[in-house]
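A, B, ... follow the sequence lines: proteins, then strands. Residue 1 opens every chain.
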Protein chains: 2
Amino acid sequence: MKSVLVSEDHAIVRFGITAIIKDLIHPVQVVEAADFDETIRRLSEAAFNLLILDINIPGGNNLQMISAVRLRQPDISILIFSGYDEQMFGINYIQAGADGYLEKHAPEEEIRRAILTMIESGKYITPGIRTRLMEHTGHHRLSASQEGNPLLALSGREKEVMQLLARGMSVMNISRTLNLQVTTVSTYKGRIFEKLNITNVIELAEKVRLYSN
Amino acid sequence: MKSVLVSEDHAIVRFGITAIIKDLIHPVQVVEAADFDETIRRLSEAAFNLLILDINIPGGNNLQMISAVRLRQPDISILIFSGYDEQMFGINYIQAGADGYLEKHAPEEEIRRAILTMIESGKYITPGIRTRLMEHTGHHRLSASQEGNPLLALSGREKEVMQLLARGMSVMNISRTLNLQVTTVSTYKGRIFEKLNITNVIELAEKVRLYSN
DNA sequence: CTTCAATGTCGAATAATTACTACAAATGGC
DNA sequence: GCCATTTGTAGTAATTATTCGACATTGAAG
């Protein structure tokens, strides 16, 4: 019998996922967890074939979730279930060792396909994500960032600028602080965003909070 | 026979809600809509007893949704279904004439209770929201912000913009989302910053995180 | 019923930010 | 050591964002 652990904080979503799984696979056992603590607890109690993991789960929300899971169950398949705010961010989880990636706003068909594929072959990645992944790993990706902290991919000057940006300082202000041309700072900003694969300072602040020690 | 229209863009959530409704009420007819256009179309086609409306639905996202709905079906019960980012400004929808308010992250029990209550009595508001509503309508701005939550000093539209800004959306992007001129959004942004006494979006995100329940 | 502050909205002018492009110096690999 | 990157730095042109002033609505207070 297959068994699946659904880690997701929104009750309705959990409910929906569980219903779909039960409809899709049988016999099957589905266990739900509403936060990361509970997820870990469940993983210690019984073996699962598949873990459907919401990135945004309370108590989780960082790449170490993957290793925490793998520590308990090395062979479990992990399907990252990401809200649309985290799309970009979610890719990092694949690189951190997750086996599949599904967006929360995917149509029902795709959700079904994803779950089924994960159960059958242990992997599921949409073409779109795969492409992004390639682009991502292809370019700038030093070994440092590959295993964990993406901030390590930044150069010294970039880190300086990052720090200031993450505190909300404007480009112009930074240019005065560091005695650089505005365009120079902007160039850094662009490079930082590209390297961290983000698109705005809010996400930047998040990453800094998350990874900056 | 009762009939319900579920307007929500995330397929799994729609799926879950529909399943709960069918489990809860019978006979019942459930129709789903993935965006606001479709919602309006469905409302023109048939009468419903209840509309479960995601605030964040594509094409909607503003208070006029309520009147747009009421224009078609004056007597329909409207249950606002809000993601946790929108809590703060979801209240405005009640004031705009919605009949109930349910948060997306509510536990399954509450979701069931809410739907059932809506169908039976046409209204559903949690004690917590009711309290907030009181605070809100009664004495406002100054007094409100003086004792605690500074976000309460913001007007409805401002709160909407605030949410989007706090997620890192650009002014231009917001203007497209809300169908406003860029300058209008910028005006709100300025007013928000002034009211909250901050100078950049990072601080904004912080406040939102801190006070937006 | 009048009045005033708060709200929602915008346009014109002005300021700030980004996109590209570029290029020399530092660095890393082989 | 030589070649390919990466890094630090800018300028020009194109986009975006902000300022400021305006104006119609609305709701509360008197």
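Looking only at side-chain heavy atoms (C-beta outward), A/L43 and A/L71 stay at 4.5 Å or farther from each other. Between A/I17 and A/F81 there is a side-chain heavy-atom pair separated by less than 4.5 Å. For the pair B/I119 and B/I25, the minimum side-chain heavy-atom distance is below 4.5 Å. A/F15 places none of its side-chain heavy atoms less than 4.5 Å from the side chain of B/D23. Counting only heavy atoms from C-beta outward, the side chains of B/K189 and B/L204 never approach each other to under 4.5 Å. When side chains are defined from C-beta on, B/N49 counts as touching B/S3, because their heavy atoms get closer than 4.5 Å. Side-chain contact check for A/K195 versus A/L154: some heavy-atom pair is nearer than 4.5 Å.
Not counting sequence neighbours, the partners of B/K22 by the side chain to side chain contact (heavy atoms under 4.5 Å, CB included) test are B/T18, B/V28, B/V30. Remark: A/E160 pairs with A/R157 by the salt bridge (Lys or Arg N to Asp or Glu O under 4.0 Å) rule, at least two apart or across chains. The side chain to side chain contact (heavy atoms under 4.5 Å, CB included) search around B/S170 returns B/M172, B/N173, not counting sequence neighbours.
The nearest pair of heavy atoms linking A/I202 to B/R167 is CG1-C, 4.1 Å.
To the nearest angstrom, P of C/dT9 lies 9 Å from CG of B/L178. Regarding A/L180, its CG atom lies at a distance of 14 Å from the C1' atom of D/dG11, rounded to whole Å. What separates CD of A/Q181 from C1' of D/dT9 is a distance of 9 Å, to the nearest Å. If you measure from atom CG of B/L154 to atom C1' of C/dG8, you get 14 Å, rounded to the nearest angstrom. The interatomic distance linking A/L204 (CG) with C/dT18 (P) rounds to 12 Å, in whole Å. Per the geometry, CD1 belonging to A/I192 stands 12 Å off C1' belonging to D/dT7, to the nearest Å. Put simply, CZ on A/F193 is 7 Å from P on C/dT18, counting in whole angstrom units. A/N179 places its CG atom 13 Å from the C1' atom of D/dT9, with the value rounded to the nearest Å.
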Provide a list of protein-nucleic acid N or O atom pairs under 3.5 angstrom, restricted to nucleotides 21-29 of chain C.
none

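Among D/dT12, C/dA12, C/dT7, the nucleotide with an atom closest to any side-chain atom of A/T183 is D/dT12.
The side chain of B/Y188 places no N or O atom within less than 4.0 Å of a non-bridging phosphate oxygen (OP1 or OP2) of C/dG8. Regarding contacts with the backbone of C/dT9, every side-chain N or O of B/T184 stays at 4.0 angstrom or more from both OP1 and OP2. For C/dT7, one of the phosphate oxygens OP1 or OP2 lies less than 4.0 angstrom from a side-chain nitrogen or oxygen of B/K195. The phosphate of D/dT18 (OP1 or OP2) has a side-chain N or O of B/S186 nearer than 4.0 angstrom. Taking only side-chain nitrogens and oxygens, A/K189 never comes nearer than 4.0 Å to OP1 or OP2 of C/dA16.
The stretch residues 166-175 of chain A does not touch DNA chain D, since none of its heavy atoms comes less than 4.0 Å from the strand.
With respect to the salt-bridge test (charged N to carboxylate O, under 4.0 angstrom), the residues B/E203 and B/K207 do not qualify.
Five base pairs at each end of the helix from C/dC1-D/dG30 to C/dC30-D/dG1 define two local axes, and these are offset by 60° (rounded to 10°).
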